[in-house]
Amino acid sequence: MSTETKGRKCDGKRRYSHLEQATRVRARLILQGAHPAWLRAYACEHCDGFHVGHRPGRRKT
Ligand SMILES: [Zn+2]
């Protein structure tokens with residue numbers, strides 16, 4: 001396994017360098033039919049960027 005970056009948990013996700021950018025993408029996805037409740041723009045703890053998607057962390061239930 002190569003470890004180019006620490007973690008690589010967000011491999012395959014689109015990364016944004018600004019939260020504002022991620023927020024705008026999220027809004028567009030919602031307009032396209034995505035569910036607002038599980039789409040979030042969040043700061044990634046694995047890289048220095050931001051992602052749009054499910055909020056990381058365990059889900060309850
Ligand atoms: Zn990331």
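Atoms within a ligand are numbered from 1 in the order they appear, just like the ligands themselves. None of these values were measured; they are calculated from a predicted model.
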Mind reading off the angle at the Zn ion (ligand 1) between the NE2 atom of His51 and the SG atom of Cys47, rounded to 10°?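 So the angle at the metal works out to 110°.
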Mind reading off the angle at the Zn ion (ligand 1) between the SG atom of Cys44 and the SG atom of Cys10, rounded to 10°?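 It is 110°, given to the nearest 10°.
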Counting distance only, does the side-chain N/O of [X] pair as donor-acceptor with the main-chain N or O of [Y] below 3.5 Å?
| X | Y | value |
| --- | --- | --- |
| His51 | Ala43 | no |
| Arg14 | Val52 | no |
| His35 | Ala37 | yes |

How about His46: does one of its N, O or S atoms come closer than 2.8 Å to the Zn ion (ligand 1)?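 Of the N, O and S atoms in His46, none lies under 2.8 Å from the Zn ion (ligand 1), which means no.
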With a 4.5 Å heavy-atom cut-off, do Cys44 and Lys13 have their side chains touching?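 Result no, sub-4.5 Å side-chain heavy-atom pair not found.
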